[in-house]
Amino acid sequence: MRSTRPWVSRMLGAVLALTAPVTGGRADAQTPSPPVGREAALALEFPALDFDPPVPEQYEVEGVRVLFLRDPSLPLVDIFAYFRGGYAVLGRDVYGAATALPSLLRNGGTATLSPDSVDQLMEFYALQTSFGTGGASSFSSLNTLRDNLDVALDLWIDILRNPRFDSLQVEVWRGQEIDRARRRKDNPTQLAFSEFNRLMFGDHPTGWELEPSDLEPEDFSPTTLHRVHREIYCRDHLIMGVTGDVTWSEVGGRLGILLQRWPECPRELPYPPKPTLRRGPGIYLIPRNLEQSTVVMAHAGGVRQSNEPEFFASRIANSILGGSGFSSRLLSTVRTERGYAYSASSFWTAPQRYEGIVGALTQTRSETTVAATRLILEILDEMTRSPPTQEEVDRTVDEIANGFVFNFEAPSKVLARRVLYLAQELPPDWLELFVTGIQDVNPDDVHRVMRERVRPDEMVILILGDPEAFDEPLDTLGDVQIWEVEGR
């Protein structure tokens with residue numbers, strides 16, 4: 001396997017060579033002087049560094065898969081819980097309640113502890129927790145000192161298993177979200193992105209946004225909150241991970257006692273529905289009296305996350321196109337060469353169970369809106385007609401591979417990713433497969449995936465801005481439709 005960070009060894013060797021003290025007497029006049037400076041650095045050779053992340057042990061405790069990775073370097077313990085289930089699999093009628101659960105678990109107390117009591121215990125024992133949802137999944141983590149593990153684990157499990165859903169905290173969360181929903185129209189960028197998702201995905205969880213109609217008091221009744229909680233935070237949907245200064249014999253039995261009392265799931269949850277993506281082409285306008293336009297364009301991407309060469313090639317293609325910052329074609333052309341925008345980037349989503357979308361976005365002055373949009377389409381077209389250079393591919397491969405190893409700086413990062421990949425039903429060795437797949441990509445692979453999957457003339461384009469100030473009539477790009485913003 002190609003080294004993921006060869007520059008580390010080369011740089012270290014160069015520093016040692018350049019800083020070594022000069023010793024000895026006068027050199028023989030016939031002995032050539034050893035290389036110094038840049039010449040010495042370039043002449044250094046070192047064996048490749050192996051990518052060999054630690055592999056956690058896997059156990060089954062009361063029907064729950066648990067990954068374990070011992071790390072005695074610090075007197076800390078990290079525990080992760082990953083549940084399959086979230087708002088994306090439960091339906092729009094409980095969208096508000098399912099979205100609120102992570103925040104209400106942390107802030108809403110437990111059956112025996114008020115929210116203030118939970119906060120005081122968290123502070124006293126220096127516990128760090130996180131709670132979140134990814135739409136089709138929900139997750140939480142705990143970080144604690146080894147000496148506080150028993151009390152920390154009891155409290156964390158109590159929060160996850162026996163939430164109180166304090167009525168005051170429910171109203172605080174609901175009020176914040178109502179205010180955020182009402183103010184969404186005041187943020188042009190956020191409005192453009194959320195409306196583009198609705199345009200592309202329609203009535204699908206990816207296109208949902210919390211609206212005041214999702215936030216009525218009856219949507220957060222104790223009955224609703226506890227029913228949604230039981231559907232997601234139950235034992236059959238749970239995968240756990242433990243790492244830190246603790247042995248399995250010390251933590252395994254403790255987990256068994258806690259998990260034995262955890263309720264089973266009332267039913268098997270479905271997978272998220274497949275979206276019906278809008279098929280282009282089309283130009284959609286949200287008129288706003290602004291000095292700057294937001295441009296978002298995309299179409300169905302055709303690629304899914306897998307161990308297939310096409311997936312890895314699409315990652316490199318997206319990075320070269322606009323996903324790698326200043327070295328990308330979009331930013332270097334749209335910003336540096338033409339000065340149309342401060343930023344321009346691309347995206348290529350690749351879910352496992354259905355195709356995502358591929359596209360680009362930028363924000364530009366009103367008077368360069370059409371020119372910037374046309375330029376992005378030209379850059380996309382150019383990448384479909386000719387392969388990238390070997391230098392572009394090599395640089396991008398190294399950036400992704402070298403950056404990827406930072407995901408393994410600590411055992412907690414390794415374990416968190418292993419748990420995530422296990423929950424997503426990816427291969428057990430996905431970490432290694434990803435690096436190898438990226439390193440195997442060549443320019444022809446990138447050209448092939450661009451040529452077969454990207455169609456600039458079929459882009460769905462949404463522009464939010466002032467058409468009266470555009471540099472050209474918008475219909476020079478195609479037929480224009482006014483996109484109505486719901487409730488605004």
Side-chain angles (χ1 to χ4, degrees), residues 52-72 76-86 89 101 105 129-134 136-144 146 149-163 229-271 305 307 352-353 407-408 410-434:
D52 189 23
V55 179
E57 303 167 18
Q58 183 167 329
Y59 298 92
E60 184 170 312
V61 181
E62 297 296 328
V64 175
R65 287 176 292 178
V66 182
L67 300 184
F68 175 76
L69 186 59
R70 178 161 166 73
D71 174 28
L76 298 172
V77 179
D78 287 282
I79 306 180
F80 305 92
Y82 194 102
F83 299 85
R84 193 177 73 81
V89 300
L101 279 184
L105 287 174
T129 60
S130 67
F131 298 83
T133 179
S137 60
S138 302
F139 48 86
S140 182
S141 68
L142 167 69
N143 173 270
T144 179
R146 172 195 161 84
L149 178 59
D150 284 346
V151 66
L153 192 55
D154 283 344
L155 177 60
W156 182 59
I157 295 294
D158 193 30
I159 291 171
L160 289 170
R161 196 173 60 195
N162 306 305
H229 172 263
R230 285 194 301 271
E231 293 258 49
I232 298 174
Y233 293 87
C234 49
R235 192 171 64 195
D236 303 327
H237 295 160
L238 174 60
I239 295 174
M240 298 189 72
V242 180
T243 183
D245 187 19
V246 64
T247 65
W248 177 251
S249 61
E250 293 173 317
V251 74
R254 185 74 175 140
L255 286 177
I257 294 173
L258 294 170
L259 291 174
Q260 189 177 36
R261 298 197 295 264
W262 206 311
E264 296 180 353
C265 296
R267 66 180 174 118
E268 180 69 21
L269 292 177
Y271 289 104
Q305 184 179 13
N307 191 30
Q352 286 179 263
R353 300 186 180 280
N407 294 314
F408 314 100
S412 60
K413 289 188 175 183
V414 175
L415 192 72
R417 280 188 169 268
R418 293 280 189 182
V419 171
L420 173 63
Y421 295 156
L422 181 62
Q424 292 179 335
E425 301 177 0
L426 289 167
D429 57 346
W430 177 251
L431 300 176
E432 296 84 352
L433 290 175
F434 181 83

Inset, instruction - Calculate, to the nearest 0.5 Å, the distance between atoms CD and CH2 belonging to Glu425 and Trp430 respectively. - result: 14.0 Å
Inset, instruction - First locate atom CD1 of Ile79, then atom CG of Asn143, and finally report the distance between them rounded to the nearest 0.5 Å. - result: 9.5 Å
Inset, instruction - To the nearest 0.5 Å, tell me how far Leu269 CG sits from Ser137 OG. - result: 12.0 Å
Inset, instruction - Take Phe434 and Asn307, measure what side chain to side chain contact (heavy atoms under 4.5 Å, CB included) needs, and give me the verdict at the end. - result: CA-CA 8 Å; Phe434 181 83; Asn307 191 30; over 6 Å; no
Legend entry - Contacts of Ile257 that satisfy side-chain contact (heavy atoms from CB on, under 4.5 Å) - sequence neighbours left out: Arg261
Inset, instruction - Look at the side chain of Thr247 and the backbone N and O of Val251, then say whether any donor-acceptor pair between them is shorter than 3.5 Å. - result: no
Inset, instruction - Show your reasoning for whether salt bridge (Lys or Arg N to Asp or Glu O under 4.0 Å) applies to Arg418 and Glu432. - result: CA-CA 11 Å; Arg418 293 280 189 182; Glu432 296 84 352; 3.3 Å; yes
Legend entry - Minimal non-hydrogen separation, Arg65 against Leu422, with atom names: NH1-CD1, 3.4 Å
Inset, instruction - Output all residues satisfying side-chain contact (heavy atoms from CB on, under 4.5 Å) with Pro163, sequence neighbours left out; order by chain, then residue number. - result: Leu105, Phe165, His229
Legend entry - Within residues 240-249 or reaching into it, pairs that qualify as salt bridge (charged side-chain N to carboxylate O under 4.0 Å, His left out) - sequence neighbours excluded: Arg70-Asp245
Inset, instruction - Using a strict 4.0 Å threshold on nitrogen-to-oxygen distance, state whether Glu268 and Arg84 make a salt bridge. - result: yes
Inset, instruction - Locate the shortest heavy-atom distance separating Val89 from Pro270; write the atom from each residue and the value. - result: CG1-O, 3.3 Å
Inset, instruction - Please work out which of the three classes, parallel, tilted or perpendicular, describes the rings of Trp262 and Phe83, given edges at 30° and 60°. - result: tilted
Legend entry - Non-hydrogen atoms of Ala81 and Leu238 that approach each other most closely: CB-CD1, 3.8 Å
Inset, instruction - Return the minimal non-hydrogen interatomic distance between Gly86 and Ser138, and the atom names on each side. - result: CA-OG, 4.2 Å
Legend entry - Worked check of salt bridge (Lys or Arg N to Asp or Glu O under 4.0 Å) between Arg146 and Glu250: CA-CA 11 Å; Arg146 172 195 161 84; Glu250 293 173 317; 2.9 Å; yes
Inset, instruction - Could you tell me whether a side-chain N or O of Asp71 sits under 3.5 Å from a main-chain N or O of Pro411, the two making a donor and an acceptor? - result: no
Legend entry - Arg254: partners by side-chain hydrogen bond (donor to acceptor under 3.5 Å, both in side chains), with sequence neighbours left out: Asp154
Sequence neighbours left out, cut at 3.5 Å: what donor-acceptor pairs do the side chains of residues 53-63 make with other protein atoms?
residue, atom, partner, partner atom, Å
Glu57, OE1, Tyr59, OH, 2.2

Legend entry - Reported OG1-to-CG distance for the pair Thr144 and Leu153, which is rounded to 0.5 angstrom: 9.0 Å
Inset, instruction - Verify whether one side chain among Arg161 and Tyr233 offers a donor that lies under 3.5 Å from an acceptor in the other. - result: no
Inset, instruction - Under the side-chain contact (heavy atoms from CB on, under 4.5 Å) rule, collect the residues that match up with Ser412, sequence neighbours excluded. - result: Asp78, Phe80, Thr243, Ala410
Inset, instruction - Would you confirm whether Arg235, through its side chain, and Val64, through its main-chain N or O, come within 3.5 Å as a donor-acceptor pair? - result: no
Inset, instruction - Specify the closest pair of heavy atoms between Leu431 and Tyr421, including all atoms of both residues, with the distance to one decimal. - result: CD2-CE1, 3.0 Å
Legend entry - No-hydrogen, no-angle side-chain donor-acceptor test under 3.5 Å, Trp156 and Ser141: no
Legend entry - Which atom of Leu160 lies closest to which atom of Ser140, heavy atoms considered: CD2-CB, 3.9 Å
